[in-house]
Amino acid sequence: MTTPRTASKAKGTARRTAKTTAGAGTGTAGRAGAPARPGSTAPEAVGSAGSAGPLTGHCDDLLDALVRFRDEQAAGVEDWGRRLAKALAGGGRLLAAGNGGSAAQAQHLTAELVGRYRDERPAYSAIALHADTSTTTAIANDYGVDELFARQVRAHGRRGDVLVLLSTSGASANLLSAAEAGREAGMAVWALTGPAPNPLAAGCDEALCVRADSTATVQELHLVAVHMLCAAFDAALADLPEGGDADGAAEDA
């Protein structure tokens, strides 16, 4: 004889069994159309025709730009590394500048040279011009933002030094002024920019221009270029005679 309590327990068990069976049937495919819970991580949505969403598309764009940069610019980066090693080992200095994210890239480059990239080696002189907040704010206040880097280049730059300017647009007025000041000082003036033609590439001695549609992709390739430059710099140091040549970079530019 079945009691009311036993019947109720049996119904509960049946409901749980049915719920478990239904959940097992859906799996990942069964949940694909359901919205993600707040705070959860869900796979990126793929369009009905199988096209990539914005996240995967960003990776695809980066991969395409990376292959182009490797094929078109790797030799130029290697040459910069060789000449930068020659200049700094001979007592020269690197000055680097950029705005926003490019300022961070400039500081990344100088940090790798003053510190080290991979292997232990001597420290070399390198200054990120945006990093001195008292100087930059004083110049911006007294002379205007367009003079932010140019005045520092005139203060610190000497013949035989190297000036590296980073800009995704290649159109920043303060970098254009800095390029002019660097050339007047007899420095080798190099630019890392986005697609050419652009004013900064035209105003520098040399430029490595990233061919990509997205500002983010250009900036990501600039970081790759910074690391490539550091690797080339370190490799070139081993081939230099003792003392280097402080005038080498400017003469080769």
Side-chain angles (χ1 to χ4, degrees), residues 65-66 68-90 92-99 102-103 105-106 108-110 112-113 124-129 149-150 152-154 156-212 218-219 221-237 240 244-253:
L66 177 61
R68 282 195 301 270
F69 189 82
R70 179 199 62 191
D71 294 345
E72 298 171 3
Q73 308 284 19
V77 177
E78 184 176 13
D79 183 56
W80 279 13
R82 176 185 60 80
R83 290 153 60 196
L84 184 62
K86 192 176 181 182
L88 270 57
R93 172 181 290 166
L94 171 75
L95 304 181
N99 296 292
S102 295
Q105 304 280 31
H108 190 132
L109 172 59
T110 58
E112 302 282 28
L113 295 172
Y124 291 93
S125 181
I127 299 173
L129 297 180
F149 301 127
Q152 293 184 79
V153 170
R154 288 191 286 270
H156 301 303
R158 301 291 183 269
R159 181 170 182 79
D161 290 347
V162 179
L163 175 63
V164 176
L165 303 172
L166 298 92
S167 172
T168 56
S169 69
S172 301
N174 55 13
L175 296 179
L176 293 172
S177 298
E180 182 179 0
R183 296 183 71 179
E184 289 174 353
M187 304 176 71
V189 183
W190 303 338
L192 274 172
T193 75
N198 62 73
L200 185 60
C204 292
D205 296 316
E206 299 174 30
L208 297 177
C209 303
V210 175
R211 289 201 295 125
V218 171
Q219 205 153 68
L221 263 294
H222 281 182
L223 178 57
V224 172
V226 164
H227 284 161
M228 290 171 65
L229 179 58
C230 291
F233 175 87
D234 284 0
L237 286 175
L240 285 178
D245 182 357
D247 293 328
E251 291 174 356
D252 289 343

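Counting begins at 1 with the first residue of the sequence. Since we're looking at a predicted model, the values are computed, not measured.
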I need the minimum non-hydrogen distance between [X] and [Y], along with the two atoms involved.
X: N198; Y: C209; answer: ND2-SG, 4.2 Å
X: A232; Y: G81; answer: CB-CA, 3.9 Å
X: A212; Y: P195; answer: O-CG, 3.3 Å
X: L176; Y: A171; answer: CD1-O, 4.2 Å
X: G98; Y: A103; answer: O-CB, 3.3 Å
X: T110; Y: A96; answer: CG2-CB, 4.0 Å

Checking the side chain of E112 only, and the main-chain atoms of C230 only, is there a donor and an acceptor separated by less than 3.5 Å?
no

Hey, does the side chain of Q105 reach the backbone of Q219 with a donor-acceptor pair shorter than 3.5 angstrom?
yes

Less than 4.5 Å apart, any side-chain heavy atom of [X] and any of [Y]?
X: I127; Y: L129; answer: yes
X: L109; Y: L94; answer: yes
X: R211; Y: E72; answer: yes
X: L88; Y: F233; answer: yes
X: L95; Y: D161; answer: no
X: L84; Y: L113; answer: yes

Rounded to the nearest 0.5 Å, what separation is found between the [atom1] atom of [X] and the [atom2] atom of [Y]?
X: E78; Y: R82; atom1: CD; atom2: CZ; value: 9.0 Å
X: M187; Y: L163; atom1: CE; atom2: CG; value: 4.5 Å
X: R154; Y: E184; atom1: CZ; atom2: CD; value: 7.0 Å
X: F69; Y: H222; atom1: CZ; atom2: NE2; value: 7.0 Å

My understanding is that only one of C204, S172, S102 makes a side-chain contact (heavy atoms from CB on, under 4.5 Å) with L165; could you say which?
C204

Mind telling me whether W80 and W190 have parallel, tilted or perpendicular rings, with 30° and 60° as the class edges?
parallel

If the condition is salt bridge (charged side-chain N to carboxylate O under 4.0 Å, His left out), which residues does R183 pass it with, not counting sequence neighbours?
D205

